[in-house]
There are 2 protein chains.
Amino acid sequence: MSAAERFIHEALEVIIDEAVKKATDVQEKVCDWQSPEKLRELLDLELKDGGESDSKILQHCKNAIRYSVKTSHPRFFNQLFAGLEPYSMVASFITEAVKTSLYTYEVAPVFTLMEDAVLKKMMELIGWDEGGDGIFNPGGSMSNMYAVNLARYRFCPDIKEVGLYNAPRLVMFTSQEGHYSISKAAALLGLGTKNVYSILPPADMLLSLMILVQGAVPFFVNATAGTTVFGAFDPVDEIADICERHSLWLHVDVSSFTHSLFILRLNVLRADSVAWNPHKMLMACLQCSAFLIKDKTSLLQRCHSAKASYLFQQDKFYDVSYDTGDKSVQCSRKPDAFKFWLMWKALGSSELERRVDRALAMARYLAQTVKKREGFHLLMKPEYANVCFWYVPPALRGLPDGPELWRKLHTVAPVIKERMMKTGSMMIGYQTHGDKPNFFRMVVINPQVSKQDLDFVLDEIHSLGKDLR
Amino acid sequence: MSAAERFIHEALEVIIDEAVKKATDVQEKVCDWQSPEKLRELLDLELKDGGESDSKILQHCKNAIRYSVKTSHPRFFNQLFAGLEPYSMVASFITEAVKTSLYTYEVAPVFTLMEDAVLKKMMELIGWDEGGDGIFNPGGSMSNMYAVNLARYRFCPDIKEVGLYNAPRLVMFTSQEGHYSISKAAALLGLGTKNVYSILPPADMLLSLMILVQGAVPFFVNATAGTTVFGAFDPVDEIADICERHSLWLHVDVSSFTHSLFILRLNVLRADSVAWNPHKMLMACLQCSAFLIKDKTSLLQRCHSAKASYLFQQDKFYDVSYDTGDKSVQCSRKPDAFKFWLMWKALGSSELERRVDRALAMARYLAQTVKKREGFHLLMKPEYANVCFWYVPPALRGLPDGPELWRKLHTVAPVIKERMMKTGSMMIGYQTHGDKPNFFRMVVINPQVSKQDLDFVLDEIHSLGKDLR
């Protein structure tokens, strides 16, 4: 066995012990919090002229895992991803070891076909019977950006060549609770964040459309099925009516969640494009984000192509329509679809759906429990997997609803967050929203979570915060 | 041992045997070519309601590896990446298993600090003594796009909010042989591909600047140090003089290669920004692409930020300047820097430099050999790691230089390419350039390549193509 091989073997043992077994063990900590200053010392970050021995490098691997947050732990609720999916993880190891890029069939034959198969199956599931087109991207923000760019290209293909200089002022609509990447896209694409109108669909939207007739031209609407903060749903059907009437591109962002098929279809059937992230509720490894469009006139290719001669030769000996690279704004692109394909193959569609159902059932259980517990208050009845709530420590429970209570309550969640991180017992996000004081946002994404874990979270919040005043 | 654990163990053995050992064994094939139709059958792509057994899934893993191109094989020269780097591969497995995203220190403390350390060290190496800022991106195209966006933001920050509608026509310069992603960026950013002027710097550039005074405003120049096709270098110092005089943003694209430090410094010291891909000549796993900027006024953050309340709370208990997510146009972002950090730590800067030197020495050997061999003709003396040449089969060697020879020569490379793919003996790219007939472009990136491998390639080209006429 060569030295390199021995190192790989030893490192894989470390990965299984530390990043798989310990990381998913409920008896272990979710995180081993260190301040940046302290962690810098512990990690020995300096890069030098000379190299280090394999045993030292193994120690660096152990440290990297040890001080990383255990996002696969059943008590990690801090993000819209969670849990460990072994098939997807193995697939991601294979894509790393195989080390290729998706521009041409020639250099990525397997992953090109797998991406195609996964995209087709996704379109079939959402009910686009005539098919469409699509591409996997590095994240839902990129998918949303693609949607805006395609909408603009359909509206006026010349902009690709001549830019926006002689174009009318193009405006976009997004639901108030839509993801911030729509605004980032407007900035990047030269459209301007001020030309993104945040609306409460659909009533507002009609009004805005009327206001806007003079001088500005709407071309794009982003609807959200499962918002990031509240998990709320826009009335997609009504929005689709307006979009059809005014020839607006309808993009539906389902990035934040995976939905049971019924909900999914209901929301995206009439969309022109969809952003859907299997790396969230379906637990595929990061990143695994699909962008789907209903168009079948190669809009994706026409909008993004640059026809590089060194990659996309037209006199190749195989059908070059399999070279998908020019559909992307990237050059090298990772074969992320494989991470989803392998787990889908192993589990089947029905088990994927059961997982979503199980996570949603857990979210409902959490909401019910929050409702019943003293000192806990739901912000609103949850529509989906997000459960947003306040914890009111005993000392504040007697205060009347009003500015004083709100001011004090605002400081509670950050302190509890600090304490849970330092204890390492769990991780939950907190935030404000509008004029609401800080609240906890728990997103139950991981079907590996149990009722015991959820009970623990509420007990722990109380135990960490009961002295606050 | 749980079933999942057993599956992971078995799959890891498959990965080591098939994707590491066999894939780098010179006795094995570089690829096992199958047409898309045939491969579709072999892979059994269909996704069904029910799942499949672990043993079947293992077989899918084996097939995925078997029919993938072995980009780590010493006879793979088809792309600007090649070779297997075990430390980087292990690091990429860790990032997959640890499964986190780089938006906040809270959820990615280790990788946040590692990215920072790697970026700082890269800036130190290129001689930016005062430091700067940077970010790892999914590919060099994204880095180039960032450069254009930052240049535009520095030129006129209001465009982020109001868009390009009242802006003057902004124009960009790029060297004729610059990467196509500059043009893709112009399209995406609403600047328009027609406003990208391909020039032969620096003489042309001065001229263009003079022509453009009326109505258009230049703001950005992309220079290339190591072009994709020929590995040629723009005269960066002269371009920098012009940029300084006209207050243009100078971006230097060194994506395609990693340079010996002397060459690197010479080329990027005066740049405002740099795109540098450790996943190419340094063999870090895909993707590993850094974007560096000299600015120290948080331009990156100001240009891209959207201040999402659910991620970037300002009342956290730690220093939130460690939350780097809002520097990016992505939301979730992979910790790619770790793949570079771990191998750098293991090898040290001096071994990294030796690798580059070794690959360059091999490229020189190849060029010399091509020059000496009958029937092989260099397009030009190589400046760097790219060796571009024609192979003229014996039947064509008597033809006078002219249209007939060129027409016939044009068909030679595609046929040889087809035959090498079907034999699986090696992989090399071919292409046209301007009016030049198809030629082979070999990029010697992998320090694991030997003189024997290079001799083999030329022998094999002759053996596959000697009957062509």
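Each chain gets a letter, A, B and so on, in the order its sequence line appears, and its residues count up from 1.
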* To do: Check the angle between the aromatic planes of B/Trp341 and A/His60 and answer parallel, tilted or perpendicular using the 30° and 60° thresholds.
  => perpendicular
* Asked: Distance-only, no hydrogens or angles: does the B/Lys99 side chain make a donor-acceptor pair with backbone N or O of A/Phe81 under 3.5 Å?
  -> no
* Roughly how far, to the nearest 0.5 Å, is OG of B/Ser35 from CG of A/Asp319? -> 10.5 Å
* With only heavy atoms counted, which part of A/Ser328 is less than 4.5 Å from chain B, the side chain, the backbone, both or neither? -> backbone
* Please lay out, stage by stage, how B/Phe7 and A/Tyr87 fare under the test ring-ring contact (aromatic ring centres under 6.0 Å, His included). => CA-CA 8 Å; B/Phe7 170 75; A/Tyr87 300 106; 4.8 Å; yes
* Asked: Do the side chains of B/Tyr180 and A/Leu311 get nearer than 4.5 Å, heavy atoms only?
  -> yes
* By a 4.5 Å heavy-atom criterion (distance strictly below it), what part of A/Ile16 contacts chain B: side chain, backbone, both, or neither? -> side chain
* Answer yes or no: is there a donor N or O on one side and an acceptor on the other, between the side chain of A/Lys345 and the main chain of B/Glu52, under 3.5 Å? => no
* To do: Test salt bridge (Lys or Arg N to Asp or Glu O under 4.0 Å) on A/Glu106 and B/Lys417 and set out the steps.
  => CA-CA 11 Å; A/Glu106 177 181 324; B/Lys417 176 70 177 256; 2.5 Å; yes
* Structure fact -> Of the listed B/Leu47, B/Leu80, B/Ile57, the one with the largest count of heavy-atom pairs under 4.5 Å with chain A is B/Leu47
* When B/Thr432, B/Val329, B/Ile159, B/Leu84 are compared by non-hydrogen pairs under 4.5 Å with chain A, the top option -> B/Val329
* Select one option (side chain, backbone, both, neither) describing which atoms of A/Leu113 are under 4.5 Å from chain B's heavy atoms. => both
* Going by heavy atoms in the side chains, are A/Asp315 and B/His410 under 4.5 Å from each other? -> yes
* With only heavy atoms counted, which part of A/Ala91 is less than 4.5 Å from chain B, the side chain, the backbone, both or neither? -> neither
* Specify which of B/Ala19, B/Gly140, B/Ser289, B/Ser68 makes the most heavy-atom pairs with chain A at under 4.5 Å. => B/Ser68
* Asked: Between B/Trp33 and A/Tyr105, what is the ring plane arrangement, given parallel below 30°, perpendicular above 60°, and tilted in between?
  -> perpendicular
* Could you tell me whether a side-chain N or O of A/Gln313 sits under 3.5 Å from a main-chain N or O of B/Tyr430, the two making a donor and an acceptor? => yes
* To do: Measure distances from A/Val229 to the heavy atoms of chain B and classify the residue's part below 4.5 Å as side chain, backbone, both or neither.
  => side chain
* Heavy-atom pairs under 4.5 Å with chain B, option from A/Glu351, A/His304, A/His433 with the top count -> A/His304
* Donor-acceptor contact present, side-chain A/Lys334 to main-chain B/Leu286, <3.5 Å -> yes
* **Contact leader toward chain B among A/Ala108, A/Gly139, A/Ala308, A/Ala64, where contacts are heavy-atom pairs under 4.5 Å** => A/Ala64
* To do: Could you look at A/Lys56 and say if it's the side chain, the backbone, both or neither that has a heavy atom under 4.5 Å from chain B?
  => neither
* **Close side-chain approach of B/Phe317 and A/Met421, heavy atoms under 4.5 Å** => yes
* Donor-acceptor contact present, side-chain A/Thr71 to main-chain B/Val98, <3.5 Å -> yes
* Enter the distance from A/Ser88:OG to B/Glu96:CD here, rounded to the nearest 0.5 Å. => 8.0 Å
* Side-chain donor-acceptor pair under 3.5 Å between A/Gln79 and B/Ser101, yes or no? -> no
* To do: Under 4.5 Å, counting heavy-atom pairs only, tell me which of B/Gln287, B/Arg333, B/His179 racks up the most with chain A.
  => B/Gln287
* Return the option, out of B/Arg152, B/Lys307, B/His279, B/Met114, with the maximum number of heavy-atom pairs under 4.5 Å with chain A. => B/Arg152
* Contact class of A/Ser309 relative to chain B, heavy atoms under 4.5 angstrom -> both
* Hey, can you tell me if B/Phe93 and A/Phe93 have their rings parallel, tilted or perpendicular (30° and 60° cut-offs)? => parallel
* For B/Ser350 and A/Asp49, indicate whether the former's side chain and the latter's backbone hold a donor-acceptor pair under 3.5 Å. => yes
* Asked: So which of B/Asp158, B/Asn149, B/Val14, B/Ile94 has the largest heavy-atom pair count under 4.5 angstrom toward chain A?
  -> B/Ile94
* Is it true that a side-chain atom of A/Ser349 and a backbone atom of B/Lys48 form a donor plus acceptor pair closer than 3.5 Å? -> yes
* Asked: With a 4.5 Å heavy-atom cut-off, do A/Tyr165 and B/Tyr165 have their side chains touching?
  -> no
